[in-house]
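To start, the structure under review is shown below, and the notes come after it.
Start at 1 and go down the list; that is how both ligands and their atoms are numbered. Scope of the values below: all heavy atoms of this structure, side chains included, with no hydrogens, waters or symmetry mates.
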Amino acid sequence: MIRGRFAPSPTGELHAGSLVAALASWLDARSLQGEWWVRMEDVDGPRCIDGAAAKILQQLSLCRLHSDGEVIYQSQRTDIYQQALNQLIAKGLAYPCACTRKEIEEQQVSLGLSLERHKSAVYPGTCRNGLDGKPARAWRFNVTQWSTLRGSHDVHWIDRRLGAQVQNVQEEVGDFVLKRADGLWAYQMAVVVDDAAQNISHVVRGEDLTDNTARQYLLQEALGFEHPHYLHTPLVLGVNGEKLSKQNDAKALDLSSPRAVCLAMQSAASTLGLSTLKLHSCDSADLDEALSTWTQEWTQKYLSASP
Ligand code: GLU
């Protein structure tokens, strides 16, 4: 069974960038005759906005993108993430960590390691061998231990658009967080558990998330899950050349009229290198026809040479 998914974080409405991920994952699933499921990644409660999930579903529906499965909400799945963490603890692959962000930065400086990695320091493994009497704050994945068990520090994976990828997670990221000091589940843990629980075979998402894939590969291995296929899409850039995101105030999509919906979809398709179709009336039949043409184009572009 082929199954793709779109997994927005309801920290705001859809914007032009998230519509690209929604459309790409939908086209990919359809071109493989598979299902497309929507999952709400509302695991970081404080960052979520009331009503955003419902609004996103409404926006998707205006764009003729409907989930084939029940929409699940990560905020309701904490027990499942805890079970996965318990499994890792039992295997000696997760450990509690007492370090504060400030302490990690100080450890970095004293070890002469580079401080910046997307503004968060590479964790030097301070609590790997015990807490030294300090209270536990977060839970971390023992990358070092798992890399030793799997026989390599390098994680190799293939992106269906970007080609062969490799990352040494231990050196470039360190033992990453599974459960945060504030008790919330880390994205890596929730996404890996849910992709497996929902039998997602094909992950299609924005290129800004590419760097997470090696970590997700390691967790999938350690939990005995299969790896989905991955494809990371081009990003929509804002005027400053940076990725459009809710953080840099990407405007909500204008979907206020059929014409506006067509323009938004045409622009998402063009970011994906698909042709700008002439949409005449912009009614749902017109949009469905465009989706079917884009599905054929997607097949030619990404499926003929896919691994
Ligand atoms: N929830 C993530 C986001 O909105 C997407 C995660 C994923 O597709 O793996 O950026």
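- Atom numbering of ligand 1 starts at 1 in the shown order; those under 4.0 Å from a heavy atom of Ser9 are 1 (N), 2 (C), 3 (C), 4 (O).
- No cation-pi contact links Arg5 to Trp36, judged by a cut-off of 6.0 Å to the six-membered ring centre and 45° from its axis.
- Taking every non-hydrogen atom of Arg5 and a distance limit under 4.0 Å, the qualifying atoms of ligand 1 come out as 7 (C), 8 (O), 9 (O).
- Near Glu41, meaning under 4.0 Å from any of its heavy atoms, are these atoms of ligand 1: 1 (N), 2 (C), 5 (C), 6 (C).
- Each of the atoms 7 (C), 8 (O), 9 (O) of ligand 1 lies under 4.0 Å from some heavy atom of Arg205.
- Atoms of ligand 1 lying under 4.0 Å from at least one heavy atom of Val191, given by number and element, are 9 (O).
- At under 3.5 Å, a nitrogen or oxygen of Ala7, whether backbone or side chain, sits near a nitrogen or oxygen of ligand 1.
- In summary, the aromatic rings of Trp157 and His232 are positioned with their centroids under 6.0 Å apart.
- Between Asp68 and Arg3 there is no salt bridge, since none of the side-chain N atoms of the basic residue sits less than 4.0 Å from a carboxylate O of the acidic one.
- In summary, Asp182 and Arg180 engage in a salt bridge, as defined by a charged side-chain N under 4.0 Å from a carboxylate O.
- Glu103 has no carboxylate O lying under 4.0 Å from a charged side-chain N of Arg101, or vice versa, which leaves the two without a salt bridge.
- For Tyr187, every heavy-atom contact with ligand 1 shorter than 4.0 Å involves the side chain, none the backbone.
- Contact analysis leaves Gln216 out of contact with ligand 1, as no non-hydrogen atom separation drops below 4.0 angstrom.
- A side chain to side chain contact (heavy atoms under 4.5 Å, CB included) with Tyr187 is found for one member of Val192, Leu209, Val177 and no other, namely Leu209.
- At a heavy-atom cutoff of 4.0 Å, ligand 1 is contacted by the side chain of Leu209 but not by its backbone.
- Between Cys127 and Cys97, the two SG sulfurs stay at or beyond 2.5 Å from each other.
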